[in-house]
Every structure is written in C-alpha cells, then in structure tokens.
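Here is the naming used below: chain letters follow the sequence lines, and residue numbers restart at 1 for every chain.
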Amino acid sequence: MKLITHNMLTSKCLKGVVTGYPLAINATDIKVKEVDFNPEFISRVIPKLDWEVLWVAADSIGHSDGLPRSLENKYDENEEFLKKAHKVLLEVEVEEGHLTCPESGRQFPISKGIPNMLLNEAEVQ
Amino acid sequence: METPHQNHIDKADFDHVYEPAEDSFLLIDAIEKDLENLRSRNPALCLEVGSGSGVVVTAFGMAFPSTFCISTDINFRACIMSKKTAEYNKVIFDSVRMDLASSFADNIFDIIIFNPPYVVTDSEECGGDDITASWAGGVKGREVTDRLLEMIPKKLAKDGTFYLLLIEENIPDEVINIMSNHGFRYKTVVRRKVRNEQQIVLKFYRIIY
Ligand SMILES: C[S@@+](CC[C@H](N)C(=O)[O-])C[C@H]1O[C@@H](n2cnc3c(N)ncnc32)[C@H](O)[C@@H]1O
C-alpha cells in the first residue's frame, strides 16, 4: 500500500462510525521501490489529496524527513519539494501491518501490500 | 492501446480468478475508442472495481502513464494478480481488497471502470468472494452492479466518467434510468455480439454548468 492510497481510504461504512478518517498505520514491513519521477503528475494530484493526512501518515512510519507539514504557495514550482512528495506518495510501500479505524479501533490487515477493507454483514451501516 | 503482457500469470490461477475474456477486451476497446476525449481531460486518478486479473486497469495505466491507477476486488487472489499484472507492465498502481468502492473517500476518482458479475443467477449464488463472484450477478444479473450505481455519485469526481459493461439481460435501459435519476447523462461507447451474448459498454458523466 502506497501512502497516496492510504490518503483515500476510510472506514466510514462501519456501523456507528462518522468519518473513519484518517486510518492509523501500523507497519511491520516497509519497502521503498523506485518509481519514475513525474513532476507534472505530482503537482496535479496534490490538490486532490489531504496533505496534512499524508504528512502525519509519512511521519508515523518514519518517512517525513524534510517534508513540510503544510503546503507552501507555488509548491508546483519547487522541484526539490516535488521529489520528496513523489517519494512519500509513490515509492514508500507498506507491505505488512494494519490500518486502524480512528473511531472504533477496528483493524484492517495489510498483507502482501494489499489492505483488506472487507467488513462482515453485522459491521456494515 | 497495448494489451498488457500476461506471461507472468500461472494458468492454474485462473481456476480462482476471472480469466480475461471478450468482455474484458471490449472494455479495453471502449477506452481506446474514447482515448482522445480521455487524453484531453488528463485524469489524475483511475479506479477499476472488480479488476480480476488486472488486464483492463493495466491497459489503462499503460495508455495513461500520468494517471495513478487503483483497483479493488472482493477476491484476494484477484487483488494479488492485478498487482502483479500492473507491476509486470510497469504501471504505477495499488490494489485494495474491498467491497466495490465502499471504503474510499468521496469525489476523488476521475475515471471508474466496472466489468461486473453480470450473469443472471439466483440471489443465493451472488455475493461470494471466490470465482463464483466473478460471474454470478443474481436477479437480472444486476445485484452487484446496482449496489455500485448507488455509490457512483459519491465516489466519482464531479467531472468524472464511469464506464460500465452490461449484457442485454441486465436491461441497460433500467441502468440508464437509475443513473439519469442520479443526474448522469450516458453514451453507448461500443457494443458487440459474442456467441449469444449482446455486450455493451456505456459511459456515464454529469453535465457541469
Ligand atoms: C466479470 S469479472 C471482471 C474481471 C476483470 N475486470 C476483467 O474484465 O477481466 C468481475 C470481477 O468483480 C469482482 N467482484 C465481484 N463482486 C465484487 C464486489 N462486491 N466488490 C469488489 N469486486 C467484486 C470479481 O471477483 C471479479 O474479479
């Protein structure tokens, strides 16, 4: 699971949960895999994401080095920043671990890099 | 559009995961037909629901190297195969085991693609998480599709497009009606007769004023 994906995941379809966002990350195995740098894509996708959530997620797994906690103006012109954003969004991968719902504490296992968000019938809203 | 390489897949895995068939390729053809329109919109995020082997979403990712592709499937083996197919073809990608698109935040995907389990079956047959889930569609072959239709208005970006494959037995006109009530226009992208099955790919989008 890449952190760009984590940025879009919620547990709000759990019964009784209101926002279910962001999910906490617990990682037992993290890999960094090289991905071609595409600054145009990174600048285009950032406005679609929650930057603060990305920063906290990266920080919680020890990958927030040099990453600003809030977005500066004209970040799309700052290549060094875009490279760092590229790394945390696309290169850092949680292979094993789990995600935790911030409201209910329900855990979602991550195995072989794939989060399992399936719920049983009794858990669904 | 290029067809993704599949030589990394062990044929025996298709006992558990939907093997790419005419419907999969019709969906790829539909995207190809719409390529210019899609290119001009420069999508950032694309989701394939129920990606099975991953050929469709990988073909999309190969044609759009500046789009981040995500797939979901209820079948864990399909999630793994999709991830491998994307990796093997160098597509930047993530795979999540999920019911349809239920665990995603709202209004993010520029493109959503779905080739549903569309075969008309008893309701009881529908709703598993193994190979049966790849084809068993319940009443009208629409039980799974109809649940996704209710999620589309929330999960799709305001200016997003949803591509859906159906067969005649699914009564496409009813689907068009449901989506029209959600405020979506539609176009027929391609249709094809395969043996005795009339397959059709529709796309749905909102008019933004
Ligand atoms: C007809 S197959 C299509 C596979 C692949 N997209 C293709 O075109 O070759 C339908 C896929 O949807 C998946 N599926 C069925 N019900 C689902 C659900 N509720 N949530 C997510 N995926 C589901 C099945 O496991 C299967 O992989």
State whether the side chain of A:N38 and the backbone N or O of B:S66 hold a donor-acceptor pair below 3.5 Å, judged by distance alone.
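A pair under 3.5 Å: no.
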
Under 3.5 Å: donor-acceptor pair, side chain of B:R97, backbone of A:I110
no

Is atom [atom1] of [X] surrounded by more than 12 heavy atoms (other residues, nucleotides or ligands) closer than 6.0 Å?
X	atom1	result
B:R147	CZ	yes
B:K84	NZ	no
B:E36	CD	no
A:D36	CG	no
B:R77	CZ	no
B:Y186	OH	no
B:H5	NE2	no
B:E2	CD	no

What closest approach, in Å, do A:L9 and B:M98 show between heavy atoms, and which atom pair accounts for it?
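Heavy atoms only, the tightest pair is CD2-CE, 3.7 Å.
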
Can you see which heavy atom on B:K83 is nearest to which on A:K112, and at what distance?
CE-O, 3.8 Å

Roughly how far apart are [X] [atom1] and [Y] [atom2], rounded to 0.5 Å?
X	Y	atom1	atom2	result
B:I80	A:I114	CD1	CD1	5.0 Å
A:L14	B:S102	CG	OG	10.0 Å
A:E91	B:I92	CD	CD1	9.0 Å

Portion of [X] that has a non-hydrogen atom of chain B nearer than 4.5 angstrom:
X	value
A:L90	side chain
A:S111	both
A:K12	side chain

Answer with side chain, backbone, both or neither: which region of [X] has an atom nearer than 4.5 Å to a non-hydrogen atom of chain A?
X	answer
B:L45	side chain
B:I70	side chain
B:K155	side chain
B:T67	backbone

Do [X] and [Y] make a side-chain contact, defined as non-hydrogen atoms from C-beta onward lying under 4.5 Å apart?
X	Y	answer
A:T10	B:D106	no
A:M8	B:L47	no
A:L119	B:D99	no
B:F68	A:V45	no
A:N116	B:F76	no

Among the options A:G113, A:G20, A:S11, A:P115, pick out the one with the most heavy-atom pairs lying under 4.5 Å from chain B.
A:P115

Applying salt bridge (Lys or Arg N to Asp or Glu O under 4.0 Å), which residue pairs with at least one partner in residues 110-124 of chain B are found, sequence neighbours left out?
A:K48-B:D110

Go through B:S103, B:S95, B:A157, B:A105 and name the one with the most non-hydrogen pairs under 4.5 angstrom from chain A.
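Ranked by heavy-atom pairs under 4.5 Å with chain A, first place is B:S103.
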
